[in-house]
Amino acid sequence: MRKNLKFEIIRGAASILLALAVAMIFIFIISDVPFEALYNLIIGPFTKLRYLWLILERMIPIVFTGLGVCVMFQANQFNLAGEGTLFFGGLVAAAVAIYLPMPPVLHIIVCIVIASVVAAAAMLIPALLKTKLGASEMVSSLMLNYILLQLGVYILNWHMADRTQGATMSHLFQDTARIPTLVPRTNLSWGIIIALAMTALVALFMYRTKWGYAIRMVGQNQSFAKYSGIKVAGTIVLCQVIGGLLSGMGGAVEVLGYYDRFKWRQLPGYGWDGVTIAILAKNNPVFIPFAAFFMSYLKQGCNLMQTYTDVPAEMLSIIQAVIFLFFAAEQFLSKYRQKLVVKGAKEELAEKKAEGGQKGAEA
Amino acid sequence: MADTNIAVLMKGITKVYPNGIAANQSVDFSVNRGEIHALMGENGAGKSTLMKMLFGLEQPTEGEIIINGEPVSLTSPTVAISKGIGMVHQHFMLVPSLTVAENIVLGMEPTKGAFIDYAEAVRITKEFSEKYNLHVEPDAKVMDIPVGMKQKVEILKALVRGAKILILDEPTAVLTSQETAELFKELIHFKEQGHTIIFISHKLKEIKQITDRMTIMRGGKSMGVFNTADVSEQDISRLMVGRDVVLKVEKEKAEPTDTVLKVEDVHYENEYGKKMLNGVSFTVRKGEILGIAGVEGNGQRELVSMLFDMVPPDSGTITVEGQTVTGKGQSFIRELGVSHIPEDRMTYGAAGTASIEENLISDRFEKPAFNKGLLFDMDAIHKTSDQLIQDYLILCRSGKQQVKMLSGGNIQKVVVAREFSCDPKLIIADQPTRGIDVGATEFIRKKLVELSRNGAAVLLVSADLNEVMELSDSLMVFCGGEIVAYFEDTSTLSDEEMGEYMLGLKRQSPEEIRRVFHA
């Protein structure tokens with residue numbers, strides 16, 4: 001198994017290098033200062049401590065959506081409503097933060113809990129449609145995103161908007177509801193700690209509880225799960241509810257940690273990033289923070305490249321696309337894997353022979 | 001070098017699969033033109049792998065293949081077919097909803113303008129059918145014809161494509177003894193016409209009967225080539241497994257007591273409207289093994305899936321210890337004390353990508369013994385899993401190993417370990433030893449007898465006639481979705497008699513059959 005992990009790491013690194021090589025080709029084609037652009041892209045994010053805080057700050061919401069996707073994908077439920085539930089969770093948290101006065105700390109907790117519960121309830125829609133009517137969760141969850149967005153925008157416009165502001169945004173959050181910053185003079189909030197704690201909790205849930213076990217078995221072989229007596233329909237609902245819970249929580253933490261008012265009028269995109277990093281992490285929650293850090297680093301690099309040179313930040317899309325192409329391609333480097341495997345098998349045979357020889361000598 | 005009498009020569013073949021299993025290790029294999037050559041060995045010995053490489057389904061890691069004196073690179077079955085090689089798989093590769101003639105010309109259809117010339121397809125089918133004396137009905141749909149004819153269709157498919165070298169992968173596994181005799185006549189006929197036949201099997205009797213020479217494989221290596229006439233069945237058995245295998249299972253006489261499983265007047269029609277079960281009634285009692293014999297596809301599969309509530313019957317009742325099981329779900333049925341060795345271990349019996357440990361606890365992970373508060377009690381789980389691995393002799397590096405990395409026999413032991421260790425009152429064993437090696441087979445059979453003698457009720461379904469006859473205390477025969485015979489005592493039965501019941505040539509009176517229902 002260790003051999004397998006080693007191979008996966010090599011494969012991942014090779015995909016990333018190839019993606020950067022492709023990016024380099026494009027940079028050389030479009031840029032007048034290609035070396036400067038590359039420097040900003042790759043080295044840039046590590047040149048100032050401030051950039052590091054930025055990377056960590058941008059990682060927060062995608063850790064949550066990534067964890068949610070992990071839980072759902074491990075059960076083979078391709079639910080893509082992380083985006084909509086994160087948005088709606090943010091809105092609900094904002095409403096509680098504005099209209100429900102409470103003592104500090106408790107206020108934050110209540111905001112997060114209510115947002116998570118509402119988002120989890122929203123996920124019941126695709127989950128129950130799947131188990132009761134057999135509707136594809138992929139289609140219904142995609143549509144759910146736009147329903148949640150439009151519903152949220154309606155609520156913001158008609159019930160929460162602060163008319164004294166030039167643009168559409170909510171009233172100010174009460175101070176008791178805002179998640180304090182972790183590093184002074186940055187926007188990096190305690191949200192990062194919550195995100196890491198949730199990573200540990202989700203990993204524990206997936207690998208050390210009966211519910212996580214049921215989710216994984218349903219994903220690995222649904223017929224086997226049913227035959228074993230695992231309640232398949234219940235498990236399919238459960239994993240999506242937990243997925244919604246996590247992305248709703250992500251929305252709340254992002255809104256309360258980064259903003260002072262609710263300002264989203266479009267889907268912020270963290271749900272899609274969650275899918276991306278879950279694929280990078282092979283649906284293993286333990287790897288989510290690393291994948292999120294990497295994504296966030298790439299974004300920061302692209303932003304710097306756009307700011308200081310003539311290459312647009314959209315280069316990120318190309319790099320991402322190439323990485324995923326190679327990550328998703330099962331056959332990529334399979335010849336190399338075969339070589340590793342052949343070598344391993346030969347070594348094992350030789351070992352057995354040696355052992356057999358020794359036994360023979362003893363006898 | 002270029003010995004023109006050698007049809008197939010495989011030299012120094014080594015094959016390592018992506019999962020690290022070295023299925024073949026420098027195997028030499030040669031077959032003369034116009035002979036029937038047996039390829040023998042236990043399951044997992046590497047026979048199928050070797051033949052897959054000859055048919056272009058797999059590529060050797062090392063070694064070369066020479067056909068009729070010409071070195072070839074068989075990169076796909078298409079290439080192999082063009083070299084005159086044909087293969088009849090153990091599991092038929094036919095399209096059930098197409099006719100026999102359509103299946104035979106599939107991929108090389110004769111055309112008239114833009115359309116398929118169906119009349120020509122029928123003509124081709126008839127021509128080859130007569131030439132090789134293989135009787136088939138060109139217009140019948142494949143799903144409606146019996147297994148024996150399906151096999152003939154497969155053989156014709158290969159012959160129509162110009163096969164001179166025929167590989168038959170365990171061709172008799174699904175046939176009755178009458179059908180087997182017929183097949184052997186046909187094979188001898190091919191041989192007389194100059195065809196070369198490679199016959200994969202592990203049934204010693206058949207090999208002795210029909211082949212000229214044999215290659216015996218063990219553990220991925222060739223143990224040598226022998227003239228069939230020169231070696232005894234005992235010799236072959238010793239070469240195959242490295243020891244004399246006694247497949248007789250010692251068992252005391254059954255003393256059945258209370259009824260555990262009661263099946264009453266069950267009917268079922270499948271999705272094509274074919275009647276699969278027609279008024280089936282029987283009981284299984286504590287302490288007995290009731291066997292179901294029959295050619296596959298005569299309702300056994302449907303019956304078993306009903307017993308475990310995977311499909312509901314159209315009518316009739318199924319009760320376990322007085323409780324109806326239909327519509328109750330698998331966890332309820334397991335709670336009643338029913339365990340089930342499914343026919344298809346990789347679909348139902350195990351999750352290949354999960355670890356051995358995870359597979360071993362799938363029916364009991366919610367029990368308090370394995371949970372401490374909200375979390376799993378990992379110590380308890382490791383302990384149980386390690387104990388089962390030890391008790392059931394599962395060969396593995398550790399309980400953390402993925403199940404799909406194990407050999408077939410060891411995967412089956414994982415399934416059996418779980419199903420036998422939950423203190424079952426009723427065991428539904430569906431093909432419990434299919435496709436696994438002799439050692440594991442013996443082990444599983446002994447365990448099954450032991451459990452029944454300790455008071456479990458066992459329903460045994462098997463396509464292996466020897467197995468049902470050897471293990472069962474009493475036996476019923478399925479044909480066309482009905483019970484056609486019931487034998488209270490299996491010790492006096494002959495293969496021929498069983499064959500006649502299985503093929504529907506004979507059936508007992510309703511009174512005799514009703515004896516299997518102990519109300």
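Residue numbers start from 1 in every chain, and the chains themselves are labelled A, B, ... in the order their sequence lines are given, proteins ahead of strands. Worth knowing before you read on, the calculation uses all heavy atoms, side chains too, and leaves out hydrogens, waters and symmetry mates.
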- Query: Among B:Leu375, B:Asp309, B:Ile381, which has the most heavy-atom pairs under 4.5 Å with chain A?
  - Reply: B:Leu375

- Which bit of B:Tyr348 is near chain A, if near means a heavy-atom gap under 4.5 Å: side chain, backbone, both or neither? both

- Is a donor on one side and an acceptor on the other found under 3.5 Å between the side chain of B:Gln59 and the backbone of B:Leu74? yes

- Message: Shorter than 4.5 Å, heavy atoms on both sides: which option in B:Arg364, B:Glu358, B:Glu366 has the most such pairs with chain A?
- Response: B:Glu358

- Ring-face cation of B:Arg345 near A:Phe224 (centre distance under 6.0 Å, axis angle within 45°): no

- Item | Intermediate values then yes/no, side-chain contact (heavy atoms from CB on, under 4.5 Å), A:Val237 and A:Leu128 | CA-CA 7 Å; A:Val237 172; A:Leu128 290 176; 4.0 Å; yes

- Message: Just so I understand: if I count every heavy-atom pair under 4.5 Å between each of B:Asp377, B:Leu374, B:Thr14 and chain A, which residue has the most?
- Response: B:Leu374

- Any donor-acceptor pair under 3.5 Å linking the side chain of B:Arg418 with the backbone of B:Ser362? no

- Spell out, as yes or no, whether a donor-acceptor pair under 3.5 Å connects the side chain of A:Asn221 to the backbone of B:Ala350. yes

- Message: I'd like to know if the side chain of B:Arg334 and the backbone of B:Gly329 have a donor-acceptor N/O pair within less than 3.5 Å.
- Response: no

- When the 4.5 angstrom heavy-atom criterion is applied to B:Thr61 and chain A, the contacting part is side chain

- Task: Name the member of B:Thr347, B:Asn371, B:Ile333, B:Asp363 that forms the most heavy-atom pairs with chain A at distances under 4.5 Å.
- Result: B:Thr347

- Item | Pairs of heavy atoms under 4.5 Å with chain B: top-ranked of A:Met217, A:Lys226, A:Arg216 | A:Lys226

